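Written below as structure tokens is the structure these notes are about.
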Number of protein chains: 2
Amino acid sequence: MTGDETTAAPRARTGRPRAGGRRSDGDPRDEIVAVASRLFAERGVGGTTMSEIARRSGLRQSSVYYYFRDKEAILGEIVASVNRVILDHLERVNADGGTAALRLYRLIRFDARQMCRFPFDINEIYRLSALQDERFAGFWSERQELNEAVAALVAEGVAEGQLAETDPRLTALVLLSNDEGTQNWQRPVGAFRQEGGEHYDADQIATFVADLAMRALLRDRGRLAAIRRRALELDP
Amino acid sequence: MTGDETTAAPRARTGRPRAGGRRSDGDPRDEIVAVASRLFAERGVGGTTMSEIARRSGLRQSSVYYYFRDKEAILGEIVASVNRVILDHLERVNADGGTAALRLYRLIRFDARQMCRFPFDINEIYRLSALQDERFAGFWSERQELNEAVAALVAEGVAEGQLAETDPRLTALVLLSNDEGTQNWQRPVGAFRQEGGEHYDADQIATFVADLAMRALLRDRGRLAAIRRRALELDP
DNA sequence: ACGACTTTCGACACGGTGTCGAAACTCTCT
DNA sequence: AGAGAGTTTCGACACCGTGTCGAAAGTCGT
């Protein structure tokens, strides 16, 4: 949103005026993305039509193709930052320091909570983006980066003697799919919810998932309570 | 397949003959299901058209609607027995007896291995079936039955003193989504495969997932090796 | 031979995707 | 002031996939 819109009348827009006289409140691209985000959350990507996105954006169906090549291009825009959030948290966690076990706990708990709160079906996104590797290359390389970071933390914890012997690569895969699995029990909106998660909030679920992971991994499980306490201080 | 096909010429089929002279080798319903299974595994349900199912079944596109109301009806037929397999194993495991921890290990390991080998994307199936609750009610009630059975095993193990204190309901959810997560690392066919799982076979992954689960849950992790050994004897 | 039944097909309506060319404006230059 | 370029939007359309409908083309029984 530029300054124009909040004070004087918005400056004239070039281009053909819209039918029905409705003007965009801002950049049509941003509005399309916002509208599509809500629809993807409610109905999934497959259940959302370009016509509906256009209609709710105040455009005709064909106009959307002026800004986006296709529906997957809109999706790409929306999910471009998904992994960035958890990778930024990883950097923060590593910058804060602490044992590998503490940092791992913080990361897992953060990721699980984010997945609980994530409005989109991550599995649908995985599958759609897997079908178009080139266009979602960034998404996958970031996801791989996260996997490797978790595996590295696990390996570090084992080397420190705080974590018991384990295969770091498989462990990372399991931990991250634990987090993703939470989407099937609790999500802000969406058609599908498996019974069971609705009695808990995102924090409870995330803390539980992180606890269970550390119970599996810690050589001395007596240390879990202290790790949890410290993590909750650092990431309320 | 009836006896007719293997000896004498197949008995005349009523109804309009197929274009191109090709005859069905058996029940057209069964052939449609078989063809659709392969296509759903390769391309996902969403990526499979009724035209392609018809074509590979030797029919015209509209003929498929004579046997199935729509694509989801075919899917329903295919997945009708998915949960039955793991529920049957649960019955077998309970009939065999043994501690709750042993039975839990066997169940988790079996489910994870089944998920590795399952050609379809379980998450796509979840989402498609969630959108049509009435038609997939059986699927969901069986899934819920499995959840409750796992929760009950966990509760029993805690009561026996073999498993450490935990929330049985959340634990069941985590364990089963561990199993499902394996689909993203290894599956017989399918477009999507997250890097990491390809170096392991289904047995290795399943045993690892079961091990990690028990490491989290067992009060005395020293018992894990004996449980694993016993489980591998019972379920090679 | 005829009618009932079954299985299959062709034609079609409808909805969704995506393209194309033009409408309807703004802006700049002469 | 007018012309041309550019931008944004729209209408029309081709194509594809779903799903329906009525008829074709058989078999079977009376």
Side-chain angles (χ1 to χ4, degrees), chain A residues 2 4 8-33 35-36 39-40 43-76 128 131-132 135, chain B residues 2 4 8-33 35-36 39-40 43-76 128 131-132 135:
Chain A
T2 65
D4 293 346
R11 66 193 287 269
R13 284 179 58 85
T14 56
R16 182 173 167 165
R18 295 185 182 193
R22 178 183 167 188
R23 270 191 320 219
S24 170
D25 296 333
D27 185 352
R29 258 187 89 84
D30 292 343
E31 181 149 6
I32 289 168
V33 167
V35 158
L39 288 170
F40 290 166
R43 308 179 185 181
V45 179
T48 299
T49 67
M50 294 294 267
S51 298
E52 188 63 17
I53 293 172
R55 192 178 73 74
R56 294 200 190 188
S57 304
L59 293 166
R60 292 298 209 251
Q61 179 257 351
S62 54
S63 302
V64 182
Y65 292 92
Y66 181 73
Y67 296 97
F68 293 95
R69 175 179 164 188
D70 53 21
K71 207 197 304 179
E72 283 66 36
I74 305 174
L75 177 65
L128 289 169
L131 291 170
Q132 310 189 36
R135 299 173 66 194
Chain B
T2 63
D4 291 346
R11 66 192 287 271
R13 284 177 59 87
T14 56
R16 180 172 168 165
R18 295 185 181 194
R22 179 183 166 189
R23 273 187 322 215
S24 171
D25 297 332
D27 186 352
R29 256 186 92 83
D30 292 343
E31 182 149 5
I32 289 168
V33 167
V35 158
L39 288 170
F40 291 166
R43 307 180 185 180
V45 179
T48 299
T49 67
M50 293 293 265
S51 297
E52 188 61 17
I53 293 171
R55 193 179 72 74
R56 295 201 190 187
S57 304
L59 293 165
R60 293 297 210 250
Q61 180 255 353
S62 53
S63 302
V64 182
Y65 293 89
Y66 181 75
Y67 296 97
F68 293 94
R69 175 179 164 189
D70 53 21
K71 209 197 301 179
E72 283 67 35
I74 304 174
L75 177 65
L128 288 168
L131 291 170
Q132 311 188 34
R135 298 173 67 193

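Keep in mind that the numbers below use all heavy atoms, side chains included, and drop hydrogens, waters and symmetry copies. What you are looking at is a predicted structure, and each value in this text was computed from that prediction instead of being measured. So that the names make sense, note that chain A is the first sequence line, chain B the second, and so on, each numbered from 1.
- Distances from the side chain of B:Pro17 to the nucleotides C:dT8, D:dT9, D:dA25 place D:dA25 closest.
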Could you go over nucleotides 1-4 of chain C and give all protein N or O partners under 3.5 Å, atom names and distances?
none

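- When the salt bridge (charged side-chain N to carboxylate O under 4.0 Å, His left out) test is applied to A:Arg56, the partners found at least two apart in sequence or on another chain are A:Glu52.
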Anything under 3.5 Å between a donor and an acceptor, one on a side chain of residues 59-69 of chain B, the other on a protein residue two or more places apart or in another chain? List them.
{"from": "B:Ser63", "atom 1": "OG", "to": "B:Arg60", "atom 2": "O", "distance (Å)": "3.4"}

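- Side-chain atoms of B:Lys71 come within 3.5 Å of backbone atoms of B:Thr48 as a donor-acceptor pair (strictly under, hydrogens ignored).
- One finds no salt bridge joining A:Arg13 and A:Asp27 here, because no Lys/Arg side-chain nitrogen approaches an Asp/Glu carboxylate oxygen to under 4.0 Å.
- A sub-4.0 Å separation between OP1 or OP2 of C:dC25 and a side-chain N or O of A:Arg13 is absent.
- Rounded to a whole Å, the CG atom of B:Leu59 is 16 Å from the C1' atom of D:dG19.
- Distances from the side chain of B:Met50 to the nucleotides C:dT17, D:dT18, D:dA24 place D:dT18 closest.
- Sequence order on DNA chain D of the closest nucleotides to A:Ala19 and B:Glu52 puts A:Ala19 first from the 5' end.
- Two residues, B:Gly15 and A:Thr14, neighbour DNA chain D, and the one matched to the more 5' nucleotide by heavy-atom proximity is A:Thr14.
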With 3.5 Å as the limit, what N/O pairs link the protein to nucleotides 12-14 of chain D?
none

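- Atom P of nucleotide D:dT9 and atom CZ of A:Arg55 are separated by 18 Å, given to the nearest angstrom.
- When the C1' atoms of four end pairs are superposed on the next four at each end of the helix from C:dA1-D:dT30 to C:dT30-D:dA1, using five pairs per end, the two resulting axes differ in direction by 30°, to 10°.
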* Test side-chain contact (heavy atoms from CB on, under 4.5 Å) on B:Asp70 and B:Arg135 and set out the steps. => CA-CA 12 Å; B:Asp70 53 21; B:Arg135 298 173 67 193; 2.8 Å; yes
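- A heavy-atom distance below 4.5 Å is not found between the side chains of B:Ile53 and B:Thr49.
- Close to C:dG10, at under 4.0 Å from its OP1 or OP2, lies a side-chain N or O of B:Arg60.
- Take B:Arg29 and apply the side-chain hydrogen bond (donor to acceptor under 3.5 Å, both in side chains) test, not counting sequence neighbours, and it matches B:Glu77.
- The distance between atom CD of A:Glu31 and atom C1' of D:dT8, rounded to the nearest whole Å, is 14 Å.
- An OP1 or OP2 oxygen of D:dA24 is reached within less than 4.0 angstrom by no side-chain nitrogen or oxygen of B:Arg16.
- The stretch residues 63-71 of chain A touches DNA chain D through A:Ser63, A:Tyr66, A:Tyr67, each having a heavy atom under 4.0 angstrom from the strand.
- In this structure, the CG atom of B:Asp27 is 14 Å from the P atom of C:dT6, given to the nearest Å.
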